[in-house]
Structures are given as C-alpha cells and as structure tokens.
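Reading through the structure tokens given below for one structure.
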Amino acid sequence: MFVGAAGLGEPHFRMGLLILTAALFTLVVVAALLYRRGLNELADASGTALFSIAGLLYLLGALLTIVVVGVYLAACGLRTHGCGVLHDG
C-alpha cells in the first residue's frame with residue numbers, strides 16, 4: 001500500500017492530487033482570462049489587433065491543456081492496467 005508524505009493512504013493521496021490539479025487548472029484559466037483582458041486593452045490602446053489575437057490564443061491554449069490532460073487521464077482510466085502514473089503495479 002502506498003503511504004504519502006503525511007501518512008495518508010493511496011485513495012486520500014489520489015483525491016488530494018485531483019483537488020490540487022483542479023485548483024491549478026482553475027488558476028491557469030483565471031490567469032489566462034486576465035491576461036486576455038489586458039491584451040485586449042492593449043490592442044484597443046495601440047490599434048494593433050494582433051494583441052487581441054494573442055490573448056485569444058493564450059486562453060485557448062490554457063483551455064486545450066485542460067482538455068488534453070483530461071483525455072489522457074480518461075484514456076488511462078479506461079485501460080485495464082492504468083497508465084503507470086498513479087498505479088503501483
């Protein structure tokens with residue numbers, strides 16, 4: 001049985017990792033939204049539309065990262081032996 005640094009068992013470790021990952025992705029999306037808003041204001045002030053496009057691409061990159069990681073974890077969960085990331089054997 002896996003014992004984490006705080007003496008928690010494997011199910012608690014996985015739940016903590018899941019919560020930490022969700023919090024991280026939430027912060028990434030919020031940061032991307034704020035970054036996009038700043039680039040949109042810069043685009044309006046400078047008259048250069050490329051800043052607005054850069055903000056949109058940054059936001060799409062943050063969202064697609066979440067989708068790609070979700071698909072990877074779903075694919076690992078559907079396999080019979082797991083993907084080895086959180087699997088003991």
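Just so it is clear, the structure is predicted and the values come from calculations on it, not from any experiment. Sequence positions, counted from 1, serve as the residue numbers for this chain.
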Mind listing the side-chain donor-acceptor pairs of residues 44-52 below 3.5 Å, one per line with the distance, residues two or more places apart or on another chain?
residue: Ser46; atom: OG; partner: Leu42; partner atom: O; Å: 2.9
residue: Ser46; atom: OG; partner: Thr48; partner atom: N; Å: 3.3
residue: Ser52; atom: OG; partner: Asn40; partner atom: OD1; Å: 3.0

With a 3.5 Å cut-off and sequence neighbours excluded, list the donor-acceptor pairs that the side chains of residues 15-27 form with protein atoms.
residue: Thr21; atom: OG1; partner: Leu17; partner atom: O; Å: 2.8
residue: Thr26; atom: OG1; partner: Ala22; partner atom: O; Å: 2.8

Got a second to check how far Arg37's CZ is from Leu59's CG, nearest 0.5 Å? 12.0 Å
Do Leu60 and Tyr35 belong to the same hydrophobic cluster, where Ile, Leu, Val, Met, Phe, Trp and Tyr are linked whenever their side-chain heavy atoms lie under 4.5 Å apart, directly or via other members? no
Check the hydrophobic clustering (I, L, V, M, F, W, Y; side-chain heavy atoms under 4.5 Å; chains of links allowed) and say if Val29 and Val69 are grouped together. yes
